[in-house]
Amino acid sequence: MKIHEYQSKELFSSYGIPVGRQILCYTPSEAVSAYGKLGVLKVVLKAQVLTGGRGKAGGVKLAGNAEEVKRRAEDILSLTIKGFPVKKLIVTEAADIAAEYYVSYIIDRNSKSVILMMSREGGIDIETVARETPEKIHSFPIDPFIGLPDYLARRYAFLFFDSMEQVNALAGILQKLYRLFMEKDANLAEINPLVATSSGELLAVDAKMTFDDNARYRRPEIEALLELTKEEKTEIRAKEKGFSYVHMDGNIGCMVNGAGLAMSTMDMIKLYGGEPANFLDIGGSSKPEKVVDAMKLLLDKTQVQVVLINIFGGITRCDDVAIGLLEAFKKIETNIPIVVRLTGTNEEEGRRLLENTRFLVAESMSEATRMAVQTVKTNEKHSAS
Ligand code: GDP
Ligand code: MN
């Protein structure tokens, strides 16, 4: 579970990690009055979206007067960053940056522990540093029984600084961030950049935290920060209906019984050059109500251009599935092509029932997949010409 920068900074602040004052705003005029309230000359406006790389996308801007604040706020609030429309931003005091560093705690599956990662190359994408100059990233596994006592915190802090004042300040930040990470069941706590200002103070200029979903039940204060994306809301709705559903970015909606079959259906789609819109396992039964629910889920997605129904009839018989589909589609109105592949018990009977209906019937999985992919390609050709 992800939270916004301003929420992470509120947590930082409550643990004594220094952050600049910030005000959350939803409109340009709110941003202007926030600028007045902060009462400083220079501020930074920052898009609050649940994704990184905002700076590069134009979501982080300096402003030095009210007019500029208004214009920058308008610009930022009209952005969509990596698919996330910007609905809010923070206005925060601009830091006078002398140097930028990277600090984070993550869970490392290789060492089966939390590790502290530090780099003097802050402010830039850490993946880039890891790829191009891995020697510039230091990582230290944290023993859960020892944690981060003063002597270790100071030892690590010497990596960035020589002055005892700054070493102690950083050591304190490292310890507080570790405590926050542990006490809130986080799986990431990242400061990128942690900056030293020209007067030597340390400040978390950016803050990113994610939390373990399996621990949410015991962290109500974290759960309260949860802001679901449209896709996550759909996934929860699907779960309530008893489906395994995962949203994806393609345009072929899949309705499959069994997780293994769902996986191989997606592999097949990819093999033939298509892109699945989802992973949907409807489970054992093929009752018409279930099919109706599943189709509603799929058709709710504007990007779905064709639906591929891939059913293996084991205990559920294919003729029952066919009857279920026919029943269900009396209640569903859609022009979207539906490809059906039925295999297993009573498959011939099943297919016969679907002959000369609105369904495109395929015999094999590869035939069905090719039909679905072909439908999308034809659509694309038509919309292009
Ligand atoms: P991200 O791009 O989503 O990671 O957003 P960040 O909060 O990390 O901001 C990106 C970059 O903008 C930082 O690395 C800084 O170089 C710059 N920046 C952010 N806040 C300030 C600030 O208060 N003062 C100055 N001078 N630069 C800032
Ligand atoms: Mn950052």
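As the structure lists them, so they are numbered: ligands from 1, and atoms in each ligand from 1. What you see below is based on every heavy atom in this structure, not just the backbone, and it leaves out hydrogens, waters and symmetry mates. Just so you know, these numbers come straight off a predicted model, no measurement behind them.
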Pair Glu227-Lys88, salt bridge (charged side-chain N to carboxylate O under 4.0 Å, His left out): steps then yes or no: CA-CA 13 Å; Glu227 198 173 277; Lys88 49 188 172 184; 2.9 Å; yes
Step by step, would you call Lys233 with Asp300 a salt bridge (charged side-chain N to carboxylate O under 4.0 Å, His left out)? CA-CA 12 Å; Lys233 281 184 197 150; Asp300 190 33; over 6 Å; no
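With a 4.0 Å cut-off on non-hydrogen atoms, Asp96 does not touch ligand 1 at all.
Between Glu5 and ligand 1, a contact under 3.5 Å exists for no N or O pair. The shortest N or O to N or O distance between Val44 and ligand 1 is not under 3.5 Å. The shortest N or O to N or O distance between Gly55 and ligand 1 is under 3.5 Å. The shortest N or O to N or O distance between Asp206 and ligand 1 is below 3.5 Å.
Atom numbering of ligand 1 starts at 1 in the shown order; those under 4.0 Å from a heavy atom of Asn192 are 8 (O). Residue contact check: Glu100 has heavy atoms under 4.0 Å from atoms 13 (C), 14 (O), 15 (C), 16 (O) of ligand 1. Shown in contact with Gly123 at under 4.0 Å from a heavy atom are these atoms of ligand 1, numbered in order with element: 14 (O).
Protein heavy atom in closest approach to atom 23 (O) of ligand 1: Ala95 N, 2.7 Å. Summary of contacts: the protein heavy atom closest to atom 12 (O) of ligand 1 is Val60 CG1, 3.8 Å. From the protein, the heavy atom lying nearest to atom 19 (C) of ligand 1 is Val205 CG1, 3.6 Å. For atom 28 (C) of ligand 1, the nearest protein heavy atom (residue, atom name, distance) is Ile97 CD1, 3.7 Å. Of the protein's non-hydrogen atoms, the one nearest atom 5 (O) of ligand 1 is Arg54 NH2, 3.2 Å. When only non-hydrogen protein atoms are considered, atom 7 (O) of ligand 1 lies nearest to Lys46 NZ, 2.5 Å.
Glu232 places no side-chain N or O within donor-acceptor distance of the main-chain N or O of Leu228, the cut-off being under 3.5 Å. A donor-acceptor contact shorter than 3.5 Å is absent between the side chain of Ser113 and the backbone of Asp143. With hydrogens and angles disregarded, a donor-acceptor distance shorter than 3.5 Å links the side chain of Arg351 to the backbone of Leu342.
At least one N, O or S atom of Asp206 sits under 2.8 Å from the Mn ion (ligand 2).
In this structure, atom 17 (C) of ligand 1 is not in close contact with the protein, since no protein heavy atom lies within 4.0 Å of it. There is a protein heavy atom less than 4.0 angstrom from atom 25 (C) of ligand 1.
Judged by distance alone, the side chains of Glu190 and Tyr102 do bring a donor and an acceptor atom under 3.5 Å apart. No hydrogens or angles considered: a donor-acceptor pair under 3.5 Å links the side chains of Glu347 and Thr343. With no hydrogens or angles considered, no side-chain donor-acceptor pair links Asp96 and Thr197 at under 3.5 Å.
A distance of 6.0 Å or more separates the ring centres of Tyr15 and Phe181.
Salt-bridge check for Lys61 with Glu68: failed, with every basic side-chain N at 4.0 Å or more from each acidic carboxylate O.
Ring orientation note: the planes of Phe140 and Tyr156 are close to parallel, at an angle under 30° on the 30°/60° scale.
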